[in-house]
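Structure, as structure tokens:
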Amino acid sequence: MNLTEDEENMLAGKQGPARQFAMEQILRVGKFFDARDTVPVAQVHLMADPESLGEEGVMFLEGLAALDAGERTVRVPTVTDPRGVDLDAYKRLGQTEDMANLERRSIAAFEALGVMMTNTCINYQTICPPVLGEHLAFGDTGSTIYANSVMGARTNFEGGPSALAAAFTGRTPRYGYHLDIVRRANSLYTLDWRPDDLAEWGALGAWIGDQMTSYWETPLLTGVERAPTSDQLKHFGAALASFGSTPLFHMEGVTPEAHDIAGLFAGPRPTTVRVRREDVQDLIESYRPADDHLDVVVFAAPQLSLFEIQQLAGLLEGRKISTQVTLIATVSPEIKHAADRMGFSASIEGAGGMLLSGVCFYQMYAREIGEANGWKRLMSNSAKLVNILGGYGYEPMLATMQACVESACAGRIAKAA
Amino acid sequence: MTGRIYQGHTGIGGDVTGEALVGQDNFSARYDLDRIKGTFSRENHDLFGENYVGKILVLNIAKGGVATAWMLREMVSREMAPAALILNFANPIMAQGAAFANLPLVDRFDTDITEVIRTGDDVTVSPQNGTVSVNG
């Protein structure tokens, strides 16, 4: 790989061990993908929850945090994905002191590095939206697919160690979705119907994601006649990225690189796959369990926007959640603050719901808290969440926010769900 | 000598020999594994219930999220990791995780690697050469 003089210095250890580690990580990954050089990045979104890090990862971070300020400070604005432990709520959830301590140690280490603890997967909505053509190092599948697709920015999936490497150097290997050629569409889907709600948008993303044959397959979707909302694209993209390992989609007439699709294909125009509503409905139905027992309702994956929290608060206002069911909604600290100010938290908590700040759900030691609370049967309007929790000992069901709230209040899966 | 050699892209990590565990399915450390027990815990996974510790794991493509980038090294630190990862297509998260963990990873063969290796085969992985050999 061709390196700048600054990169050569960092690699040689002249700027300390953190930047040397960063360059070694960049080179190993860059060579794997035949990158010729690196590209400067404008911002970094870093995923590191304690369950993923483990003691090993936390010790690694602490080693870096112990370096001199000049050697350990990140070079570009770096924000974080959700925490694995809400330090204000973990005892209620049944998370252990060990989990909380791992989280405290991670936070302390990141703060020493100059990382901003935004604790959100929806930074593109609530922190600093990326710009068309901007090169980034984003490490959340949902933020990556949104930044690439809806904003036309450029990033690969940058997992924790590589996002950290980008933060220390201000650069990342130039391969994959930084390149024009890789951003071309190579499969084609069309709709002649429109998803009704966020659960159906997520299920559509899930269905297409299941068709994806690798990270390098970029779908184009046609037939969406007017712009979906940010939250609809958020759910669609999060599910597509999660089911498909997909970092970019194009939507004709909607996403910035797909206004004119004539030049969008990498090769000959692919065969069009019609996505039938029945197929997406079948995917939703595949999660329906045998009986109406219900333990927990979760709104997460992604964290809720202000508009989603407003909707949830409206549905719960003046109602009571059954004592047999726990209802959890997750938001970023900024949106929690807004929800508090605007009375939405009071409506949700007044009904008996839990509003968690700066966390998601599946990366919160979900298996352990499921066992601690007797949570097996779960409802959510997030296709991404139900996909993941199947491997964590849950029986998840996908339904609209309305159906989830009806069910939480009824204490069992409502007939209409 | 009845061994076969398959050529993939130059990979990550050092040479290792071991017993293959092959699945007609994809791979995510967070979505598919019980990393404490060392088994595949996702019920609809082809390798559900199988123990992957110390095995040469052969699967189709990387799927799922970003957690694997931290998790592979965490698994290696507890000696609860596969010996190597062989995939038809890795994604950046697999490569980043293998790099951070120094776990052998090879992908991009000229054949479907899950079709030509069987569970139980004695396999040698040489990432710097990009090769996977099934020993005779």
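Residue numbers begin at 1 in each chain, while the letters A, B, ... track the order of the sequences. In this text the structure is predicted, and so the values were computed from the model without any measurement. Note: hydrogens, waters and symmetry copies are ignored here, and every other heavy atom, side chains too, is used.
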Exercise for the section: Below 4.5 Å from any heavy atom of chain B, which atoms of A:E158 appear? Answer side chain, backbone, both or neither. Expected result: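 When you check distances to chain B, atoms from both the backbone and side chain of A:E158 fall under 4.5 Å.
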Exercise for the section: Answer with side chain, backbone, both or neither: which region of A:N387 has an atom nearer than 4.5 Å to a non-hydrogen atom of chain B? Expected result: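 Both backbone and side chain of A:N387 come within 4.5 Å of chain B.
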Compare every heavy atom of [Y] with every heavy atom of [X], then report the nearest pair and how far apart it is.
| X | Y | answer |
| --- | --- | --- |
| B:A69 | A:G159 | CB-CA, 3.7 Å |
| A:Y362 | B:R30 | CE1-NE, 3.5 Å |
| B:V66 | A:G139 | CG2-O, 3.1 Å |
| B:A95 | A:F32 | CB-CD2, 3.6 Å |
| A:S245 | B:N91 | OG-ND2, 2.8 Å |
| B:L33 | A:R367 | O-NH2, 4.2 Å |

Of the backbone (N, CA, C, O) and the side chain (C-beta and beyond), which part of [X] lies under 4.5 Å from a heavy atom of chain A, both, or neither?
| X | result |
| --- | --- |
| B:D32 | neither |
| B:A67 | both |
| B:A98 | neither |

Nearest 0.5 Å, please: how far is [atom2] in [Y] from [atom1] in [X]?
| X | Y | atom1 | atom2 | answer |
| --- | --- | --- | --- | --- |
| A:S214 | B:N60 | OG | CG | 9.5 Å |
| A:L164 | B:Q96 | CG | CD | 11.5 Å |
| B:N102 | A:R28 | CG | CZ | 6.0 Å |
| B:W70 | A:S52 | CH2 | OG | 9.0 Å |
| B:H9 | A:K31 | NE2 | NZ | 12.0 Å |

Practice task
Could you tell me whether B:I5 atom CD1 has more than 12 heavy atoms of other residues or ligands within 6.0 Å of it?
Solution key: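 Atom CD1 in B:I5 is not packed in, count stays at 12 or less.
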Among [options], which has the most heavy-atom pairs under 4.5 Å with chain B?
| options | value |
| --- | --- |
| A:G142, A:S242, A:G54 | A:S242 |
| A:L53, A:V29, A:T141 | A:L53 |
| A:A165, A:G244, A:G390 | A:G244 |
| A:N156, A:T213, A:T246 | A:T213 |

Practice task
Among B:N26, B:T10, B:D34, single out the residue with the greatest number of heavy-atom pairs under 4.5 Å to chain A.
Solution key: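 Max contact count across the listed options: B:D34.
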Handout entry: Contact leader toward chain A among B:M71, B:R78, B:K63, B:H45, where contacts are heavy-atom pairs under 4.5 Å
Key =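 Result: the option with the highest number of such pairs is B:K63.
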Handout entry: Ring-face cation contact, A:Y392 with B:R42, 6.0 Å cut, 45° max
Key =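 Cation-pi check for B:R42 and A:Y392: fails.
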Practice task
Decide yes or no on side-chain contact (heavy atoms from CB on, under 4.5 Å) for A:F243 and B:Y31, but give the supporting numbers first.
Solution key: CA-CA 10 Å; A:F243 279 74; B:Y31 293 18; over 6 Å; no
Handout entry: Stepwise side-chain contact (heavy atoms from CB on, under 4.5 Å) check, A:Y215 with B:F89
Key = CA-CA 8 Å; A:Y215 176 82; B:F89 286 102; over 6 Å; no
Exercise for the section: Carefully, step by step, assess B:R73 and A:F60 under the rule side-chain contact (heavy atoms from CB on, under 4.5 Å). Expected result: CA-CA 10 Å; B:R73 176 159 162 161; A:F60 173 78; 3.5 Å; yes
